[in-house]
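Below is one structure, written out as structure tokens; comments come after it.
We're numbering straight along the sequence, starting at 1. From a predicted model like this one, the values you see are computed outputs, not experimental measurements.
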Amino acid sequence: MKAKNKIIIGCLLTALLTTSTYGCKEKTGNNNSTADADTVTAVKPVGPKFNADSAYAFIAAQCNFGPRTMNSTAHEQCRKWIVAKFKQYGCEVLEQKADLKGYDGTILKSTNIIARYNPKAKKRIMLCAHWDSRPWADNDPDSTNHKKPVMAANDGASGVAVMLELARQLQADKKLEIGVDFVCTDAEDWGVPQWATNYQDTGDSWALGAQYYSKNLPAGAKPVFGILLDMVGGEGAQFYREGQSMQFAPDVVDKVWNAAKAAGYGSYFPDAVGGMVTDDHVPINENAGIPTIDIIPYYPDCAQSSFGPTWHTVNDTMEHIDKNTLQAVGQTMIQLLYTESKEL
């Protein structure tokens, strides 16, 4: 995902830096407490408490299938599990199947999973995340790993896990009046690998499931806006304002960043701009006309990748998932949804 064609627009450091593993630097304070100092000044937090332990378990459950690479047994098993979990939490589930062509001509048996909470509600917000794993750890420091699959604990499973926990919370609370479309996009991470020098990476080989979804919206009320959750469980993560999100839907960016501050997690969402990223939100904006933003981490001082030290490596495993990051993102989403519901 997100290819290597991100463009750094600029950044402002908002916290002290400390050396971390893999030669990167992480922000202090994100790994020691569930809520940060912003809790003191939080303004009217609303909604139930997000359970990061539950979200963490949902990540582990996906990883237990193994890498969910396209056309694999693990991919099929995980598809069934995700569908069953959303149904368990009261969602109406549609499976959008398509045979998509990868950059090298491989036919990918793709399934976008669309789970609707409160399906009759006219006002709807879309949350989305990809659920497939990258087949190649082509950004790994060790070149012998470049053709090994990525476990994708963070880059894939974390976004789905946050959405599943949100669905669980919404069903238990039963107070949200708006509808939520949880969209798990497939075939996102089949983009041209760095070692495939015979192919030019134009960006079109990424986000294949989102491209299909954006051109084949299911019947029903169209979401008023959308939020992409991408790599939302990493150690030391901060979520800068992503550049294309600022172009497509700056008002939605403001909504999310204000919700983070109100929920007490503003330090995870700096007001600075990070980079421009090729991701699932781009075709959804361009083809479906749904104003959609990307919540994606930005590590300005990480030599391995500004997406973080584990991006597209064999180290994207449970050991590098931080419950505090999950809590910050999950509670921010609850704050946003319940604030939007109050404004119905």
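No side-chain donor-acceptor contact under 3.5 Å links Thr292 to the backbone of His281. At least one donor-acceptor pair under 3.5 Å links the side chain of Thr325 to the backbone N or O of Gly234. Under the 3.5 Å distance criterion, the side-chain polar atoms of Gln62 are matched with a main-chain donor or acceptor of Ala157. In this structure, the side chain of Arg134 does not engage the main chain of Trp311 through any donor-acceptor pair within 3.5 Å. Of the possible donor and acceptor atoms, none in the side chain of Glu188 sits under 3.5 Å from a partner among the backbone N and O of Ala210. For the pair Gln335 (side chain) and Lys44 (backbone), a donor-acceptor distance under 3.5 Å is present. Lys174 places a side-chain N or O within donor-acceptor distance of the main-chain N or O of Gln171, the cut-off being under 3.5 Å. Between the side chain of Gln96 and the main chain of Asn216, a donor-acceptor pair closer than 3.5 Å is present. With hydrogens and angles ignored, the 3.5 Å screen pairs a side-chain donor or acceptor of Arg124 with a backbone N or O of Tyr117. Of the possible donor and acceptor atoms, none in the side chain of Trp190 sits under 3.5 Å from a partner among the backbone N and O of Ser205.
Contact of the Val256 side chain with the Ile227 side chain is registered, since non-hydrogen atoms from C-beta on lie closer than 4.5 Å. Annotation: side chain of His146 is not in contact with side chain of Gln194 (no heavy-atom distance under 4.5 Å). Residues Lys323 and Asp53 have side chains in contact (heavy-atom distance under 4.5 Å, counting atoms from C-beta outward). Under the 4.5 Å side-chain criterion, counting only non-hydrogen atoms from C-beta, Tyr56 is in contact with Met318. The shortest side-chain heavy-atom distance between Arg168 and Asn51 falls under the 4.5 Å cut-off. Put simply, the side chain of Ile125 reaches to within 4.5 Å of the side chain of Phe225, judged on heavy atoms. His75 is not listed as a side-chain neighbour of Thr69, based on a closest heavy-atom distance of 4.5 Å or more. With a 4.5 Å cut-off on side-chain heavy atoms, Glu286 and Ser214 do not count as touching.
When all heavy atoms of Trp257 and Pro270 are compared, the pair lying nearest together is NE1-O, 2.8 Å. Shown here for Cys302 and Pro309, the closest heavy-atom pair between the two residues is SG-N, 3.8 Å. The nearest pair of heavy atoms linking Gln244 to Val277 is NE2-O, 3.1 Å. Shortest non-hydrogen contact noted between Tyr299 and Glu235 is OH-O, 2.7 Å. When all heavy atoms of Ala237 and Phe239 are compared, the pair lying nearest together is CB-CZ, 4.0 Å. In terms of heavy-atom proximity, Trp81 sits nearest to Phe58 at CH2-O, 3.8 Å.
Of the candidates Asn112, Asp155, Thr185, Asp279, His130 forms a side-chain hydrogen bond (donor to acceptor under 3.5 Å, both in side chains) with just one, namely Asp155. When the options Leu229, Val329, Ile59 are evaluated for a side-chain contact (heavy atoms from CB on, under 4.5 Å) with Ser158, the one that passes is Ile59.
No hydrogens or angles considered: nothing links the side chains of Thr111 and Glu95 as a donor-acceptor pair under 3.5 Å. Between the side chains of Asn139 and Ser305, no donor-acceptor pair is found at a separation under 3.5 Å.
The neighbour count for Gln200 CD, taken as heavy atoms of other residues, nucleotides or ligands under 6.0 Å away, does not exceed 12.
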>> Applying side chain to side chain contact (heavy atoms under 4.5 Å, CB included) to Ile113 and Val93, what does each step give before you reach the verdict?
In response: CA-CA 7 Å; Ile113 302 168; Val93 179; 4.0 Å; yes
> Would Thr73 and Glu76 satisfy side chain to side chain contact (heavy atoms under 4.5 Å, CB included), going step by step from the backbone distance to the final call?
Replying inline: CA-CA 5 Å; Thr73 299; Glu76 176 65 11; 5.7 Å; no
> Would Thr332 and Tyr268 count as a side chain to side chain contact (heavy atoms under 4.5 Å, CB included) if you check the C-alpha gap in whole Å, the side-chain angles of each, and the deciding distance to 0.1 Å?
Replying inline: CA-CA 10 Å; Thr332 295; Tyr268 285 83; over 6 Å; no
>> Checking Thr339 against Asn258 for the side chain to side chain contact (heavy atoms under 4.5 Å, CB included) test, could you report, in this order, the C-alpha distance in whole Å, the side-chain angles of both residues, the deciding distance, and whether it holds?
In response: CA-CA 10 Å; Thr339 300; Asn258 289 338; over 6 Å; no
> Thr317 and Glu319: side-chain hydrogen bond (donor to acceptor under 3.5 Å, both in side chains), yes or no, with the steps?
Replying inline: CA-CA 5 Å; Thr317 56; Glu319 290 78 6; 2.7 Å; yes
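One finds the CD atom of Gln247 at 8.5 Å from the CD atom of Glu242 (value rounded to the nearest 0.5 Å). Distance check: Cys128 SG to Met163 CE gives 7.0 Å after rounding to the nearest 0.5 Å. Taking CD1 from Ile178 and CG from Leu337, the interatomic distance works out to 5.5 Å, rounded to the nearest 0.5 Å. Note that CG of Leu100 and OG of Ser110 are 4.5 Å apart. Values are rounded to the nearest 0.5 Å. Taken to the nearest 0.5 Å, the CG atom of Asp132 stands 11.0 Å off from the SG atom of Cys184. Thr310 contributes atom OG1, which lies 12.5 Å from atom CE of Met151 (distance to the nearest 0.5 angstrom).
We find that Asp271 and Lys261 are joined by a salt bridge, their nearest charged nitrogen and carboxylate oxygen being less than 4.0 Å apart. For the pair Glu340 and Lys123, the salt-bridge criterion is met [side-chain N within less than 4.0 Å of a carboxylate O]. Using a 4.0 Å cut-off between charged side-chain N and carboxylate O, Asp186 and Lys97 make no salt bridge.
Cluster membership check: Tyr199 shares its hydrophobic cluster with Leu108, using side-chain heavy-atom separations under 4.5 Å among Ile, Leu, Val, Met, Phe, Trp and Tyr. Val232 and Val180 end up in the same hydrophobic cluster when Ile, Leu, Val, Met, Phe, Trp and Tyr side chains are linked at under 4.5 Å. Residue Val150 is not grouped with residue Ile321 when hydrophobic side chains (ILVMFWY) are merged at heavy-atom distances under 4.5 angstrom, including chains of intermediate members. A continuous path of Ile, Leu, Val, Met, Phe, Trp and Tyr side chains, each step under 4.5 Å between heavy atoms, connects Val162 with Leu176, placing both in one hydrophobic cluster. The cluster map of Ile, Leu, Val, Met, Phe, Trp and Tyr, joined by side-chain heavy atoms under 4.5 Å apart, puts Phe248 and Met276 in different clusters.
Trp206 and His312 have parallel rings, their planes meeting at less than 30° on a 0 to 90° scale where 60° marks the start of perpendicular.
Hydrophobic clustering, defined by side-chain heavy atoms of Ile, Leu, Val, Met, Phe, Trp and Tyr closer than 4.5 Å, groups Ile290 together with Leu94, Ile114, Met126, Val183, Tyr213, Leu217, Ile284.
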